[in-house]
There are 2 protein chains.
Amino acid sequence: MRQRKNSKELILDAAEAVVLEVGAAHMSLDHVARKAGVSKGGLMYNFPTKNALLKEMIARFIRQYYINRDKKLEDIEEGPARLFKAGILTALAPDKKRDSMGSSILAASANEPDLMDLLRQAHRNMLEDILVSGIKFERAAIISLAVDGLMFGRLLKTLPFNQNQIKKIEKEIMRLIDKEAEK
Amino acid sequence: MRQRKNSKELILDAAEAVVLEVGAAHMSLDHVARKAGVSKGGLMYNFPTKNALLKEMIARFIRQYYINRDKKLEDIEEGPARLFKAGILTALAPDKKRDSMGSSILAASANEPDLMDLLRQAHRNMLEDILVSGIKFERAAIISLAVDGLMFGRLLKTLPFNQNQIKKIEKEIMRLIDKEAEK
DNA sequence: GACAGTATACCGACTGGTCGGTATACTTAT
DNA sequence: ATAAGTATACCGACCAGTCGGTATACTGTC
C-alpha cells in the first residue's frame with residue numbers, strides 16, 4: 001500500500017476539518033490521523049512534529065489568500081493601486097470557512113513565534129503593495145490598518161457593527177482608496 | 001491562619017506573572033498556585049475552574065484600561081470627541097506589559113466564547129463613544145478600526161511598520177479626528 | 001466567658017484522562 | 001533486498017479538577 005498518493009494533502013485536509021470542528025487549540029494528532037484515514041505513525045511520518053503540521057497548514061492558508069487575490073486581480077482595472085485594492089477586496093470578501101480557520105490559527109500562533117513568522121511575512125508583503133500604490137504613506141497605512149481591524153474583528157467576533165454598518169464602512173474604504181489614488 | 005487577607009488578588013497577580021513568563025496557553029494552575037504561595041486547593045477554593053480565573057484576569061485587564069483612559073481624560077480639552085480621543089490615546093500608548101498580557105489573553109480567549117464576551121463588550125462600549133462624538137459614522141468607524149488594526153498588529157507583532165512610521169501614522173490619526181470633529 | 005457547633009479558608013495527595021512523541025513490526029513497489 | 005510508507009501498541013509528562021482533612025474565626029447558648 002505504498003504511496004497513498006498524497007497523504008500529505010489528505011492529512012492537511014483532515015487537519016483543517018478538525019480545526020473547523022474543535023478549534024486549533026484542541027486539535028490532537030490522533031484526531032487528525034483518524035479523520036484522514038491514516039494511522040498515527042503515518043501522520044508522524046509525514047509531519048514529524050505537530051508544529052510542522054501547523055506550519056504547513058498556515059502556509060497553505062496564505063497560499064490560498066494569494067490565489068484568491070490573483071483571481072480578484074482580473075476584475076480590477078489597471079492602475080498603481082491595483083495590487084493594494086485586490087488585496088483589500090480579498091481580505092474583505094466574506095468567507096466563513098476562512099474566518100473560522102483564521103481565528104483558530106491566530107489563537108494557535110499567538111504564542112508560538114515561529115508560526116507567527118509566516119503570518120508576519122505575509123503581512124509585510126502587503127506593505128510593499130501599499131508603497132507602490134502612490135497613495136500618501138500615512139493615508140494608505142490607515143486604510144490598510146482599518147482593513148486589518150475589520151479582519152481581526154471579524155475573526156475574533158469583537159466587531160461592534162451590524163451587517164449594514166459594515167457594508168457602509170467597506171464602501172467608504174473603497175471610496176477613500178480611489179480618492180487618494182487619483183491625487 | 002484564616003483570611004490570608006486577599007488571596008484572590010495575590011493569585012491574580014501570580015497568574016499575570018505566569019502569563020508574562022510562559023504565555024496564557026501554557027499557564028498551568030499548579031504553576032500559578034506555586035507562584036502565589038498558595039496550595040492547589042487554595043487556588044481552586046478561590047477560583048473553582050481555570051476559566052473562572054481567566055475570566056477574572058480579563059475583567060481586571062479591562063478595568064485597568066478604563067483607569068488609564070480616565071487618567072488620560074484629564075489632559076484632553078472638552079469637546080464631543082473627548083471620550084473617543086481618550087480611548088484611542090489609551091489604546092495607542094505604548095505599554096509592554098499590557099501588550100504581552102493582551103496577546104496572551106487574546107490567544108487564550110479566541111476559542112472560548114465566554115471569555116471573548118468580556119472583550120466584545122468592552123469593544124462595544126467604544127462604539128458608543130464614537131457615536132456621540134459627532135464624527136460622521138463611516139469616518140469614525142474607519143479611524144477606530146485603524147486603531148484596532150494598530151493594536152492587534154502590535155499584540156501579534158505582525159505590524160510591517162517601523163517605529164518612525166508608526167509615529168507618523170498615529171499623528172495622522174489624531175489629525176483626522178480633529179479634522180472630522182470640527183465639521 | 002467557656003464551650004459546642006458551624007462556616008470560612010486553605011492544604012496537598014491523588015485521579016482520570018489527554019496528548020505528543022517513540023518503538024517497532026508489517027507491507028508493497030522497484 | 002531495501003527503502004518508503006503505513007500500522008499498532010505503548011510511554012511518560014502534564015494537568016485540571018477532586019476530596020478528605022486541618023486550622024482558624026465566628027456565633028449562639030447556658
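Chain naming here is simple, since letters A, B, ... match the order of the sequence lines and numbering starts at 1 in each.
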Original post:
What pairs with Phe152(A) under ring pair (Phe, Tyr, Trp, His ring centres under 6.0 Å), at least two apart in sequence or on another chain?
Top reply: Phe152(B)

Original post:
Between Ile105(B) and Ile58(B), which heavy-atom pair has the shortest distance, and what is it?
Top reply: CG2-CG1, 3.6 Å

Subject >> Integer-rounded Å distance: dC10(C) P and Lys8(B) NZ >> reply: 10 Å

Original post:
Does OP1 or OP2 of dG12(C) have a side-chain N or O of Ser39(B) closer than 4.0 Å?
Top reply: no

**OP:** Verify the contact: side-chain N or O of Asn46(B) to OP1 or OP2 of dC10(C), cut-off strictly under 4.0 Å; return yes or no.
**Re:** yes

Subject >> Nucleotide dA7(D), atom C1' - distance to CZ of Arg34(A) in whole Å >> reply: 15 Å

**OP:** Could you list the residues that satisfy ring pair (Phe, Tyr, Trp, His ring centres under 6.0 Å) with Phe161(B), not counting sequence neighbours?
**Re:** Phe137(A)

Original post:
Whole Å only: how far is the OH atom of Tyr45(A) from the C1' atom of dT28(C)?
Top reply: 13 Å

Original post:
Is any side-chain N or O of Ser7(A) closer than 4.0 Å to OP1 or OP2 of dG5(D)?
Top reply: no

Original post:
Got a sec, which residues hit side chain to side chain donor-acceptor pair (under 3.5 Å) with Arg60(A), two or more places apart in sequence or on another chain?
Top reply: Glu9(A), Asp13(A), Glu16(A)

Original post:
When clusters are formed from ILVMFWY side-chain contacts under 4.5 Å, directly or step by step, what else is grouped with Leu83(A)?
Top reply: Leu73(A)

Original post:
dT18(D) C1' sits how many Å from Leu43(B) CG, rounded?
Top reply: 14 Å

**OP:** Tell me, yes or no, whether the heavy-atom count around Lys171(A) atom NZ, taken from other residues, nucleotides or ligands under 6.0 Å, exceeds 12.
**Re:** no

Original post:
Please give, in whole Å, the distance from dA9(C) P to Glu9(B) CD?
Top reply: 15 Å

**OP:** Sequence neighbours left out, what pairs pass side chain to side chain donor-acceptor pair (under 3.5 Å) with at least one residue falling in residues 156-169 of chain A?
**Re:** none

Subject >> Sugar-phosphate or base contact per nucleotide [nucleotides 15-21 of chain C; S, B, -; heavy atom under 4.0 Å] >> reply: ----SBB

**OP:** Scan for ring-ring contact (aromatic ring centres under 6.0 Å, His included) pairs involving residues 30-60 of chain A, sequence neighbours excluded, and state none if there are none.
**Re:** none

Subject >> Atom pair distance, as rounded to whole Å: NE2 in His31(B) and C1' in dG12(C) >> reply: 18 Å

Measure all distances between protein nitrogen or oxygen atoms and nitrogen or oxygen atoms of nucleotides 23-26 of chain C, and list the pairs falling under 3.5 Å.
none

Going by atom type alone, with no hydrogens or angles, which donor-acceptor pairs under 3.5 Å involve a side-chain atom of residues 128-135 of chain B and a protein atom two or more places apart or on another chain?
{"from": "Asp129(B)", "atom 1": "OD2", "to": "Arg69(B)", "atom 2": "NH1", "distance (Å)": "3.2"}
{"from": "Ser133(B)", "atom 1": "OG", "to": "Ile130(B)", "atom 2": "O", "distance (Å)": "2.6"}
{"from": "Ser133(B)", "atom 1": "OG", "to": "Ile135(B)", "atom 2": "N", "distance (Å)": "3.2"}

